[in-house]
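Chain naming here is simple, since letters A, B, ... match the order of the sequence lines and numbering starts at 1 in each.
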There are 2 protein chains.
Amino acid sequence: MNFQQLRYVREAVRNNLNLTEVAAVLYTSQSGVSKQIKDLEDELGIELFVRSGKRLTGVTRAGDGAVEIVQRILMETENLRRYASQYVGVDSGRLVIAATHTQARYTLPRVVEEFNRVFPKVTLELHQGTPRQVAIMISNGDADIGIASEALNDAPAVRAYTCFSWNHQVVVPAGHPLLGRTPAGLADIAAYPLVTYNEDFTGRKCVDAAFSQAGLAPDLRLTAMDADVIKTYVRRGLGVGIVAEMALEDLDRDGLVVVDTDGPLFGSCTTMLGVRDGTFLPSFAHRFIDMFAPGLGTDQLASRPY
Amino acid sequence: MNFQQLRYVREAVRNNLNLTEVAAVLYTSQSGVSKQIKDLEDELGIELFVRSGKRLTGVTRAGDGAVEIVQRILMETENLRRYASQYVGVDSGRLVIAATHTQARYTLPRVVEEFNRVFPKVTLELHQGTPRQVAIMISNGDADIGIASEALNDAPAVRAYTCFSWNHQVVVPAGHPLLGRTPAGLADIAAYPLVTYNEDFTGRKCVDAAFSQAGLAPDLRLTAMDADVIKTYVRRGLGVGIVAEMALEDLDRDGLVVVDTDGPLFGSCTTMLGVRDGTFLPSFAHRFIDMFAPGLGTDQLASRPY
DNA sequence: TATCCTTACGGAATTCGTAAGCATG
DNA sequence: CATGCTTACGAATTCCGTAAGGATA
């Protein structure tokens with residue numbers, strides 16, 4: 001048994017049991033992958049994969065549990081490397097953040113700037129994706145920390161924490177008729193075509209819930225993944241925009257105005273932070289978390305093994 | 001990084017950092033051990049061991065945490081092997097029980113017999129030792145299940161469960177004067193020289209506590225590790241015996257009699273069962289636990305990852 | 001027919017073990 | 001001076017990758 005074999009198994013599961021792909025991903029030959037996996041099966045005395053002829057078509061029942069253990073072993077070896085790298089160069093290394101556009105564009109810059117000042121020798125890598133992709137990146141260990149406004153615990157082995165709450169705001173181009181009827185209510189807004197986030201993005205669920213509870217069926221003229229796109233179309237008069245309050249900067253430059261409403265119209269949303277269960281995080285990662293959501297790093301996270 | 005290197009590191013810690021011994025234990029050469037450990041240190045970029053000249057004299061601060069992770073990795077690989085062996089031959093394999101003499105001699109035979117009938121293809125290995133040795137065997141992974149009447153959680157990573165309670169009994173040779181004064185109290189017994197267990201064995205703490213609470217300072221003429229030895233000396237008239245109730249079988253043959261007392265004189269003791277935290281136990285091991293302490297295997301243990 | 005796993009086999013890289021060197025207590 | 005780690009170097013083993021073979025959709 002060796003680590004290479006375990007890596008092949010893990011990657012086989014991740015790549016739809018296609019050993020050719022596995023070889024490509026790990027920069028090696030198919031034959032090697034095939035042989036090593038078979039060797040491991042021989043050593044363990046069980047078949048991990050179901051083969052129909054010469055094709056892997058599934059994971060056996062025994063393989064199912066084995067893969068779990070394999071992943072734990074590999075996770076711990078990664079932990080060992082990270083742990084060691086903490087000592088080799090103190091406060092140096094790499095930190096991979098996976099985030100949605102909203103976070104990367106509006107909430108993270110402040111934190112990234114501060115972190116970069118405190119830890120100039122840490123390379124920050126910012127990966128962007130949908131909330132679901134963020135969760136998967138955490139789950140696979142491709143990202144150390146994931147940040148999104150949606151649930152992050154739909155992927156396995158992801159532990160999610162609540163960071164802070166925020167609300168949506170309504171924006172329109174200067175001179176829009178809505179501005180004459182403030183404070184505006186939900187019904188006022190629903191009278192216009194709307195431009196807001198895609199489903200499952202940046203608290204869109206809260207927006208939908210608010211309208212449906214008020215018995216309103218608004219005209220969603222356009223939905224997009226991020227506030228920059230939304231604001232662009234709002235400026236061009238496509239409709240009334242509903243965006244996260246974090247995205248309200250530079251409105252003047254864009255010729256947009258926030259509509260005064262009767263308190264928060266849409267329920268408050270929460271931004272979540274996710275880390276992989278059982279993964280070692282170097283101290284600077286904890287500091288990053290602390291900068292993003294003060295108190296989280298020391299309180300909840302500290303009670304865990306890592 | 002490979003498993004051999006990790007094994008060398010673990011064994012080095014276990015064998016007082018003596019690489020020569022490590023090589024002997026693992027049936028290989030010192031030079032290999034030395035080189036591999038150094039290679040691992042190079043790869044991780046940190047020194048795991050403190051060297052004074054050409055001698056390992058300690059574990060570095062970084063090494064301390066690294067060794068913990070190394071042990072977790074190796075534990076999981078053992079788990080993988082065990083897990084697999086469950087499928088290769090169903091209900092076959094090896095089960096190592098570490099127990100004190102009292103358990104091995106009096107409480108386990110019934111269980112072993114039943115287990116052997118149900119799982120004839122499982123090789124049972126019974127290791128005997130002091131309570132402390134039992135705990136260490138569990139902690140090191142040298143035993144799957146440990147059973148003792150004393151605390152088992154003084155060794156690291158050992159999870160202990162309460163199995164059942166029992167009391168001590170007083171035994172004397174037939175015709176002993178104590179038999180004429182029943183039911184006997186603590187003071188009556190303390191009037192005679194006593195023969196009982198060594199310190200830290202088979203609930204000896206309860207015996208001491210009972211006497212000291214009653215303000216008595218009995219004459220402990222002889223203490224021994226097990227009831228067989230104790231009974232031998234009691235039969236020869238050395239003193240009054242105090243043994244676990246489990247050890248009361250075959251008294252007639254030995255010419256011994258249980259002294260009728262005024263209820264249990266010594267507080268009730270508990271027999272503990274210990275397993276290593278994070279270690280995979282095959283299903284037959286869980287069945288063994290269930291046979292020994294019905295309800296334990298399904299209730300408390302089932303709630304754990306393994 | 002295109003994709004994809006297995007097997008064979010020669011070459012590359014690791015690992016192992018003997019032996020010698022050297023530091024410590 | 002006995003013990004014990006390191007280094008060197010040749011031998012053995014393991015691992016890797018090309019190429020050919022066979023199976024599936």
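- Computed from coordinates, the A/M1 CE to D/dC15 C1' distance equals 17 Å when rounded to whole Å.
- Place A/K54 and A/Q4 on DNA chain D by their nearest nucleotides, and A/Q4 ends up nearer the 5' end.
- Distance CG (A/L40) to P (D/dT14): 16 Å, rounded to an integer number of Å.
- Residue B/Q36 has a polar side-chain atom (N or O) positioned under 4.0 Å from OP1 or OP2 of C/dC16.
- In this model, the phosphate group of D/dT3 is not approached by any side-chain N or O of B/N18 to a distance below 4.0 Å at OP1 or OP2.
- At the heavy-atom level, B/K35 lies nowhere under 4.0 Å from the strands shown.
- Contact annotation for B/S31: base contact, defined as any heavy-atom pair under 4.0 Å involving a base atom.
- The phosphate of C/dG17 (OP1 or OP2) has a side-chain N or O of B/T28 nearer than 4.0 angstrom.
- When the P atom of C/dT7 is taken as reference, atom CD of A/Q30 falls 15 Å away, rounded to whole Å.
- The CZ-P distance, from A/F3 to C/dT15, rounds to 12 Å in whole Å.
- The neighbour count for B/R61 CZ, taken as heavy atoms of other residues, nucleotides or ligands under 6.0 Å away, does not exceed 12.
- Among the protein residues, B/L17 comes within range of the sugar-phosphate backbone only, with heavy atoms under 4.0 Å from sugar or phosphate atoms but none that close to a base.
- With C/dT6, D/dC5, D/dT7 as the candidates, the nucleotide lying closest to the side chain of B/K38 is D/dT7.
- Distances shorter than 4.0 Å separate some side-chain N or O of B/R51 from OP1 or OP2 on D/dT6.
- If you take OH of A/Y27 and P of D/dC16, they are 17 Å apart, rounded to a whole angstrom.
- Going from atom CD1 of B/I37 over to atom C1' of D/dT7 covers 16 Å, rounded to whole Å.
- To the nearest 0.5 angstrom, B/I230 atom CD1 is 7.5 Å from B/T102 atom OG1.
- In this structure, B/N2 does not reach the D/dT14 phosphate: none of its side-chain N or O atoms is under 4.0 Å from OP1 or OP2.
- A/D39 has its CG atom 10 Å from the P atom of C/dT7, to the nearest Å.
- In this structure, A/N16 places its CG atom 11 Å from P of C/dC4, rounding to the nearest Å.
- Using cut-offs of 30° and 60° for the angle between ring planes, the B/F284 and B/F119 rings count as tilted.
- Comparing A/S52 and B/L56 by the nucleotide of DNA chain D that holds the closest heavy atom to each, the one mapping nearer the 5' end is B/L56.
- Electrostatic pairing of B/D200 and B/K205 counts as a salt bridge here, judged by a charged N lying under 4.0 Å from a carboxylate O.
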Quiz: residues 19-31 of chain B side-chain donor-acceptor pairs under 3.5 angstrom, not counting sequence neighbours:
{"residue": "B/S29", "atom": "OG", "partner": "B/S31", "partner atom": "OG", "Å": "3.4"}
{"residue": "B/S29", "atom": "OG", "partner": "B/G32", "partner atom": "N", "Å": "3.3"}

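- With the nearest nucleotide of DNA chain C identified for both B/R55 and A/L19, A/L19 has the one nearer the 5' end.
- More than 12 heavy-atom neighbours from other residues, nucleotides or ligands sit within 6.0 angstrom of CZ on B/R204.
- At the phosphate of D/dG17, OP1 or OP2 sits under 4.0 Å from a side-chain N or O atom of A/S29.
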